[in-house]
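Sequence lines set the chain letters: A, B, ... in the order given, protein chains first and strands last, and positions in each chain run from 1.
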Number of protein chains: 2
Amino acid sequence: MVGLRITGIHILTAWSIKMVTIKDIAREAQVSEGTVDRVLHNRGGVSKQTETKIKAILKKHNFTINPVASALASKNKYHIAVLIPKFSDTDIFWKSPYMGIQKAAHDYRSFGIDVRFYRFDQYDSRSYENHFKALLRTTPSIVLVVPLFLKETKRFVGELEQQSIPYMFLNIDVQGFHNMTFIGQDSYTAGYLAGKLMHSIFSEDTNVLIIHSKHNTSVNQTVSKRIEGFTDFFAKQHFKNRPLILKIDAFNTSKETKAAITTFLKKHPKVKGLFIPSSRINIIVDCIAPALLKHYRMIGFDNTPKNIECLENESVSFLISQKPFDQGYESIQVMADYLLKKKIPNDKIYLPIDILTKENVKYNERNELLFEMGNL
Amino acid sequence: MVGLRITGIHILTAWSIKMVTIKDIAREAQVSEGTVDRVLHNRGGVSKQTETKIKAILKKHNFTINPVASALASKNKYHIAVLIPKFSDTDIFWKSPYMGIQKAAHDYRSFGIDVRFYRFDQYDSRSYENHFKALLRTTPSIVLVVPLFLKETKRFVGELEQQSIPYMFLNIDVQGFHNMTFIGQDSYTAGYLAGKLMHSIFSEDTNVLIIHSKHNTSVNQTVSKRIEGFTDFFAKQHFKNRPLILKIDAFNTSKETKAAITTFLKKHPKVKGLFIPSSRINIIVDCIAPALLKHYRMIGFDNTPKNIECLENESVSFLISQKPFDQGYESIQVMADYLLKKKIPNDKIYLPIDILTKENVKYNERNELLFEMGNL
DNA sequence: AAAATTTTCGTGTGCGCACACATTATTAAA
DNA sequence: TTTAATAATGTGTGCGCACACGAAAATTTT
């Protein structure tokens, strides 16, 4: 199945469809290229008369600026500042957005867009503050933030607004800001879908359990929105058995956590389904004795390597992916479109809610894998 | 780091990270830019000595050709020929790949890539032949084909090979060719996943039915691979009840088809799940009396508007999407990478197997919608 | 009416690279 | 050794556009 010779590529020496250039427009309007350039960019200094004439000709030919030539010639260099959490081996979720942003940064580099990272410790608001401060000193063209800390975000965003630097939120949707857009998932619907999937697994009205930590719901709305959607599904079905809730102190495999979970499950033997509305479902799996695991059907979030492992060994039935890689990539794309083409994005940019199973997970996030392998 | 404020966007007047250019490399190697260009493109005519010296410097600086400048300067104009089925209102599936290809064509136009369509009647092999012939007369740089007709494909592909024109297959995977790659879905796994979803809906070992038409399985392997995967799932679970199969003459809402289906279902009252391994599940829905519909859970393929309607009115539980828009887009992308960067693709390029439900379908295929609305 | 402004428009340069062509160094043939 | 042939390298132009600068035309001021 080897391809054919590389040297055998046929090359056209002329365009089949003529490319209309500024020069063509200028000739037809009997003005200089500079004047056409002026109307194209609203630089002013063009008489009403010639402006309308040129605009008519532009429209007639359906002219669009050649983005390649434009990028090459432009002296404008934009600078995107990205404030996102660091990732570590134990907490690898934020790696994917990082990789997506990296790839986009690479793709847009030759278009005069420079992406600078400011990566903070997601458990340390001081770290967030410090990086935000550093970021502000560089007067970026636009800022992408994962607004993990509300109070601090409020403060620094004020600074941005004063300098009229636009900003967008990534992954975490917080209200009451003048952010240009939010890029992420519709958490409520994702939770609702999880509810539907959970219910579809069981024939009748079964007891299901939601496990989350206090930290989860306090910091941002994502997890609570998922829970809301999840419970709403069951509410709408008018089931007798509404989801139970177990709040644990922390997501780890400590004795305390394990004990809390096993005790609860023993007390509620009817529970068959577990819903973990965070990215740490693998921890919960580890907290349950292997022999008991097969009694439960579990649904969680995010395609981290450890979660995928759970999918593959069938301890987890479904994972819902936020497509974090795509979130990152698309963020930069949207910002580039704004900077280069002045394209204003929608208020909310929702990425697909992907359902992952043992079978289809290997075809998901191909982009990320290829990028890591240097093939992209 | 100067921040000129123009329309509120801060613009950098200097690069933060210096862009290494051919000129820089040439200076460091004490040769002319032309010589660097020669080693970059293996044009030959460079002494072993200077070549290794230049290559070392290139590597040292991690130099990559500025694709923007390259595209602008290059006189190479490539021509991609695309042979795909036409779409109509009644058979709209092929619209999505077409749109995806359109968008990619638009994106790559300024890189010197010209895409020409040859759209044939999918029910008429003569139409396929004629368009293939027309295509061959233009000696394209590379060809993208939906190989719907095997015999004809064999013949014309020989022609392509003689002229050493590379070609790739889109959506339909046929064997025994020297195609550079195939872009589409892993149909077997998609069918297997459908089996799993179908089973997960029912608690016990339930009777399920596969409905397909003769035409479906004769023309290409896609449908039969799906059926194979689907039945394999049930085989592996060691169920007593294997899927039943109903072969109908044609997918339409004629009296005959309706009769065939209702008769069969009456004869097999235990059947609860219907699997339609083609894109025409909406037809089957129309063939079943509305009152009976809620007795069945149905799974089908492809996000056509009518199928999505079925999802939304809950007559269909799951649709498996082939991501046809993405298939089209990615095809062109892969071909462009080959033409512009000589990047050889993998044998098979499998796109994700998306599970669509009433809830998440609206977030799917965003790209296609945006493109249609002119926002992309 | 001439000078001073302001508005309107043309010209020139360079972005980084591809590629044709010109030139020089090296080797082979005479 | 001289010349012809070839290999190795340098030079120049232009892709389409952005943008600085300067020239010309229109307008206002003196």
Side-chain angles (χ1 to χ4, degrees), chain A residues 9 11-15 18-27 29-54 58 61 63-78 109-113 339-342, chain B residues 4 6-7 11-15 18-27 29-54 58 61 63-78 109-113 339-342:
Chain A
I9 305 178
I11 295 174
L12 293 182
T13 47
W15 276 103
K18 172 84 175 91
M19 195 76 138
V20 179
T21 70
I22 287 184
K23 199 194 284 184
D24 299 324
I25 304 290
R27 189 171 344 102
Q30 294 174 306
V31 295
S32 73
E33 300 179 38
T35 306
V36 177
D37 175 75
R38 270 173 212 112
V39 329
L40 279 174
H41 294 86
N42 295 314
R43 292 191 213 281
V46 180
S47 73
K48 206 82 196 154
Q49 195 184 338
T50 53
E51 181 177 343
T52 50
K53 188 189 2 175
I54 290 174
L58 287 173
H61 291 292
F63 178 87
T64 48
I65 292 178
N66 182 330
V68 166
S70 175
L72 184 61
S74 178
K75 306 221 88 52
N76 287 353
K77 306 298 175 188
Y78 300 101
R109 202 164 137 57
S110 44
F111 285 87
I113 287 179
L339 295 173
L340 299 174
K341 310 182 200 164
K342 304 197 194 334
Chain B
L4 287 178
I6 296 178
T7 64
I11 295 175
L12 292 183
T13 48
W15 277 104
K18 172 82 172 94
M19 194 77 138
V20 180
T21 70
I22 286 185
K23 199 194 282 184
D24 299 323
I25 303 291
R27 188 170 346 99
Q30 292 173 307
V31 295
S32 74
E33 299 179 40
T35 306
V36 177
D37 174 76
R38 273 182 276 267
V39 327
L40 278 173
H41 294 85
N42 295 314
R43 292 193 215 280
V46 181
S47 72
K48 206 79 196 159
Q49 195 184 338
T50 52
E51 181 176 345
T52 49
K53 188 192 352 179
I54 290 174
L58 287 172
H61 290 293
F63 178 87
T64 49
I65 292 178
N66 182 331
V68 166
S70 175
L72 185 61
S74 177
K75 307 219 86 51
N76 287 353
K77 305 298 175 190
Y78 300 101
R109 202 165 135 56
S110 43
F111 285 87
I113 286 179
L339 295 173
L340 299 174
K341 309 183 201 162
K342 304 196 194 334

Show me, pair by pair, the donor-acceptor contacts under 3.5 angstrom made by side chains of residues 63-70 of chain B, not counting sequence neighbours?
{"residue": "B/Asn66", "atom": "OD1", "partner": "B/Val68", "partner atom": "N", "Å": "2.9"}
{"residue": "B/Asn66", "atom": "OD1", "partner": "B/Ala69", "partner atom": "N", "Å": "3.3"}

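- A close approach under 4.0 Å does occur between a side-chain nitrogen or oxygen of A/Ser70 and OP1 or OP2 of D/dA18.
- A/Ala29 pairs by the side chain to side chain contact (heavy atoms under 4.5 Å, CB included) definition with A/Val31, A/Ile54, A/Ile57, not counting sequence neighbours.
- No side-chain heavy atom of B/Leu40 sits less than 4.5 Å from a side-chain heavy atom of B/Ile25.
- Distance B/Leu58 CG to C/dC17 P: 11 Å, rounded to the nearest Å.
- In this structure, B/Gln49 places its CD atom 8 Å from P of D/dT9, rounding to the nearest Å.
- Between A/Ala69 and A/Thr35, the residue anchored nearer the 5' end of DNA chain C, judged by the nucleotide with its closest heavy atom, is A/Thr35.
- If you check every strand for non-hydrogen atoms under 4.0 Å, B/Val68 touches nothing.
- A straight line from CZ of A/Arg27 to P of C/dT11 spans 14 Å, rounded to a whole angstrom.
- Distance CG (B/Leu40) to P (C/dC17): 8 Å, rounded to an integer number of Å.
- For the OP1/OP2 pair of C/dT8 and a distance below 4.0 Å, the side-chain nitrogens and oxygens of A/Thr50 include no atom meeting the criterion.
- Residues satisfying the side chain to side chain contact (heavy atoms under 4.5 Å, CB included) test with B/Ala73, not counting sequence neighbours, are none.
- When each of B/Pro67 and A/Glu51 is assigned the nucleotide of DNA chain C with its nearest heavy atom, A/Glu51 is the one assigned upstream, toward the 5' end.
- With C/dG16, D/dA18, C/dC9 as the candidates, the nucleotide lying closest to the side chain of A/Leu72 is C/dG16.
- Scored by the side chain to side chain contact (heavy atoms under 4.5 Å, CB included) test, A/Asp37 finds A/His41, A/Arg43 as partners (sequence neighbours excluded).
- When rounded to the nearest whole Å, the span between CG of B/Asn66 and P of C/dC15 equals 12 Å.
- The nucleotide whose nearest atom lies closest to any side-chain atom of A/Phe63 is, among D/dT11, D/dC17, C/dT11, D/dC17.
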Could you pull out the protein-nucleic contacts involving nucleotides 19-21 of chain C (nitrogen or oxygen on both sides, under 3.5 Å)?
{"residue": "C/dC19", "atom": "OP1", "partner": "B/Asn76", "partner atom": "OD1", "Å": "3.2"}
{"residue": "C/dC19", "atom": "OP2", "partner": "B/Arg43", "partner atom": "NH1", "Å": "3.0"}
{"residue": "C/dC19", "atom": "OP2", "partner": "B/Arg43", "partner atom": "NH2", "Å": "3.2"}

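- A/Ser47 pairs by the side chain to side chain contact (heavy atoms under 4.5 Å, CB included) definition with A/Gln49, A/Thr50, not counting sequence neighbours.
- When the C1' atom of D/dA18 is taken as reference, atom CZ of A/Phe111 falls 15 Å away, rounded to whole Å.
- When the side-chain nitrogen and oxygen atoms of B/Thr21 are compared with OP1 and OP2 of C/dC15, none of them lie within a distance under 4.0 Å.
- Considering all non-hydrogen atoms of both residues, B/Val20 and B/His61 come closest at CG1-CB, 4.2 Å.
- Closest to the side chain of A/Ile65, out of C/dA18, D/dG10, D/dC17, is D/dC17.
- A straight line from NZ of B/Lys48 to C1' of C/dT26 spans 18 Å, rounded to a whole angstrom.
- The interatomic distance linking B/Lys23 (NZ) with C/dC17 (C1') rounds to 11 Å, in whole Å.
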